[in-house]
Amino acid sequence: MPNAAEALDCYLSIAQAIAGPTDYELVLENFANRLRALIAHDHLDIVLLHPKGTQICYEARMHTSWSHTQKLATPTEESPIRDVLRGDVAHILTDDAWTDPVFHFEGSDSKPIFEADLRSRIVVPLRVQGELIGSLAISSHKKNFYSEDLIVLAQGAADLVAAYLFALERGKEAKDSAVAELEATGRERTLRIGALRLTEGMERERQRLGMDLHDQTLADLSRIRRRMSRVEGGPKAAMDEIAAILNELDHCLDEVRGIVEDMKPGVLQLFGFSEAVEAHLQRCLKNMKRRIEMHVEDTSNGKMDDLEDTVRTAVYRIVQEAVNNALKHGECSRIDVRIAQSNSNLTVTIDDNGTGIQDTDLQSRSGISNIKTRTDLISAQVFFERLDGAAGTRVMIVVPMDTENVECDFA
């Protein structure tokens with residue numbers, strides 16, 4: 001059972017890992033990997049409720065016949081955890097799912113419990129703004145493995161991932177709706193409208209989650225720090241421990257503020273695109289242990305701020321991803337961001353002097369995949385280039401300036 005500081009670090013790690021990817025599988029993989037430091041498990045699945053009494057299941061660690069890859073949707077009434085999905089119980093905790101009757105009833109799809117050797121299980125609901133949207137199930141091959149104390153930790157993790165999954169789901173629905181409209185009308189601009197709806201919907205959910213972190217988590221952490229700072233006297237060892245905890249809290253506060261800013265880019269909204277990029281670079285510098293030179297140049301006279309806010313925000317997210325990739329994987333000591341106008345397009349170029357991009361990187365499901373997805377959603381183009389002398393990488397984003405001609409009616 002981790003202590004409070006360890007649990008907080010794990011929640012921050014989870015928030016960082018799931019903020020950004022738009023692929024369900026990648027989100028769940030990142031979530032499962034980080035959650036393991038909080039609750040050990042051999043199998044993890046997330047169920048999302050759909051209309052007309054159906055559900056879709058996404059799995060990590062191993063895949064069973066519950067998986068969406070086997071069945072696109074199944075009746076909720078056949079689910080072994082239907083009591084949670086219907087809101088009949090607050091949670092399920094079992095020492096052995098093989099023998100627990102709660103999972104086994106007439107018509108229950110409980111066969112994977114035996115096939116995957118799922119013994120101890122914790123099942124908690126996923127809720128967004130009080131609405132039940134699904135469940136999180138954590139399982140172990142061992143019997144009598146989980147205790148009542150872990151339910152609170154599992155619910156905290158579920159609350160973190162629920163809002164992001166909800167945003168992805170709403171975005172997927174918007175995209176599916178746009179594709180259906182495109183097929184019905186044959187108009188190319190319909191896909192463009194749907195993509196912008198998807199981007200705005202996801203961004204709106206990110207900002208809402210950022211506000212929740214700002215209003216609740218930051219306030220809680222700050223209150224704890226103020227209370228601890230008032231503690232005086234006592235044995236030196238105890239005071240040293242309190243000082244160490246205060247340092248940890250300061251670090252956590254900085255981390256949460258960074259996550260909030262990533263989810264809710266206030267500088268972008270208040271001061272514009274180039275200032276927001278500059279602010280992101282400065283935040284990155286604070287967390288780097290090596291010296292890095294960073295420069296931003298805008299020769300477009302601020303034209304990026306003339307674009308629709310949805311498009312501008314998407315380009316900002318792409319720049320964030322490219323910069324983060326260069327710092328994390330490129331081992332660079334310099335990053336240059338240039339914003340320019342070229343005919344009817346705006347270009348944003350991110351150059352670094354790191355190890356250089358490889359062909360295998362372009363096929364990965366990492367940050368590069370996220371960049372490609374985001375550019376497709378706003379009808380932009382992205383180019384990746386290994387610079388001369390195998391010294392660095394160039395990422396160039398080309399954005400059409402005629403986005404204002406797209407008719408958008410966001411709900």
Side-chain angles (χ1 to χ4, degrees), residues 2 6-48 56-63 66-69 122 124 126 128 133-140 150 153-172 198 202-203 205-206 208-210 212-213 217 252 255-256 258-264 284 287 317-318 320-329 360-374 377:
E6 291 170 341
L8 179 59
D9 285 343
C10 186
Y11 285 144
L12 290 172
S13 177
I14 290 172
Q16 290 174 319
I18 65 175
T22 57
D23 178 79
Y24 279 95
E25 299 287 348
L26 186 56
V27 170
L28 188 56
E29 179 183 340
N30 290 348
F31 177 74
N33 288 338
R34 301 299 175 91
L35 180 65
R36 206 167 195 175
L38 193 67
I39 304 175
H41 61 275
D42 299 306
H43 178 268
L44 183 147
D45 68 77
I46 283 179
V47 169
L48 296 180
I56 293 181
C57 179
Y58 298 88
E59 296 179 288
R61 302 290 177 207
M62 65 180 76
H63 288 78
W66 286 332
S67 175
H68 72 287
T69 60
I122 298 175
V124 294
L126 297 175
V128 174
I133 68 164
S135 66
L136 165 66
I138 305 167
S139 305
S140 170
L150 292 178
L153 297 180
Q155 189 63 68
D159 292 342
L160 266 179
V161 77
Y164 197 74
L165 290 175
F166 182 77
L168 289 181
E169 193 67 7
R170 297 290 81 78
K172 181 177 180 295
L198 169 62
M202 291 183 62
E203 192 64 34
E205 288 301 321
R206 286 173 69 110
R208 188 191 63 77
L209 183 57
D212 288 346
L213 282 171
T217 307
C252 290
E255 288 289 320
V256 175
I259 294 171
V260 169
E261 185 58 32
D262 284 343
M263 290 183 170
K264 182 181 177 297
C284 290
N287 298 321
R317 296 293 185 200
I318 295 169
Q320 279 185 310
E321 191 80 55
V323 169
N324 292 342
N325 286 345
L327 294 174
K328 183 176 181 181
H329 305 293
T360 54
D361 296 329
L362 298 175
Q363 307 303 321
S364 70
R365 296 175 61 185
S366 60
I368 289 178
S369 176
N370 295 336
I371 290 174
K372 291 178 179 178
T373 299
R374 290 185 187 279
L377 290 176

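When a residue number appears, it is its place in the shown sequence, counting from 1.
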Which value, rounded to the nearest 0.5 Å, describes the distance between [X] atom [atom1] and [Y] atom [atom2]?
X: Glu321; Y: Lys372; atom1: CD; atom2: NZ; answer: 12.5 Å
X: Ser140; Y: Leu44; atom1: OG; atom2: CG; answer: 12.5 Å
X: Cys284; Y: Lys328; atom1: SG; atom2: NZ; answer: 12.5 Å
X: Gln155; Y: Leu126; atom1: CD; atom2: CG; answer: 8.0 Å

Evaluate the side-chain proximity of [Y] to [X]: yes if any heavy-atom separation is below 4.5 Å, no if none is.
X: Phe31; Y: Leu136; answer: yes
X: Tyr58; Y: Val27; answer: no
X: Val161; Y: Ile14; answer: no

Minimal non-hydrogen separation, [X] against [Y], with atom names:
X: Ile122; Y: Ala154; answer: CG2-CB, 4.0 Å
X: Ala157; Y: Leu35; answer: CB-CD1, 3.7 Å
X: His41; Y: Ala32; answer: CE1-O, 3.4 Å
X: Ala158; Y: Val124; answer: CB-CG2, 3.8 Å

Task: Chi angles and distances behind the side-chain contact (heavy atoms from CB on, under 4.5 Å) call for Val128, Leu165 - done: CA-CA 10 Å; Val128 174; Leu165 290 175; over 6 Å; no

Open item on the list: Determine whether a donor-acceptor pair (N or O, by modelled atom type, separation under 3.5 Å) exists between the side chain of Arg374 and the backbone of Ile318.
Closed with: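 No, because the side chain of Arg374 does not come within donor-acceptor range (under 3.5 Å) of the backbone of Ile318.
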
TODO: Among Leu38, Asp42, Ile39, find the residue that satisfies the side-chain contact (heavy atoms from CB on, under 4.5 Å) test when tested with Ile138.
DONE: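 Result: among Leu38, Asp42, Ile39, Ile39 is the only option passing the side-chain contact (heavy atoms from CB on, under 4.5 Å) with Ile138.
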
Open item on the list: My understanding is that only one of Ile46, Val47, Asp45 makes a side-chain contact (heavy atoms from CB on, under 4.5 Å) with Glu59; could you say which?
Closed with: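 Looking at Ile46, Val47, Asp45, the match for Glu59 under the side-chain contact (heavy atoms from CB on, under 4.5 Å) is Asp45.
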
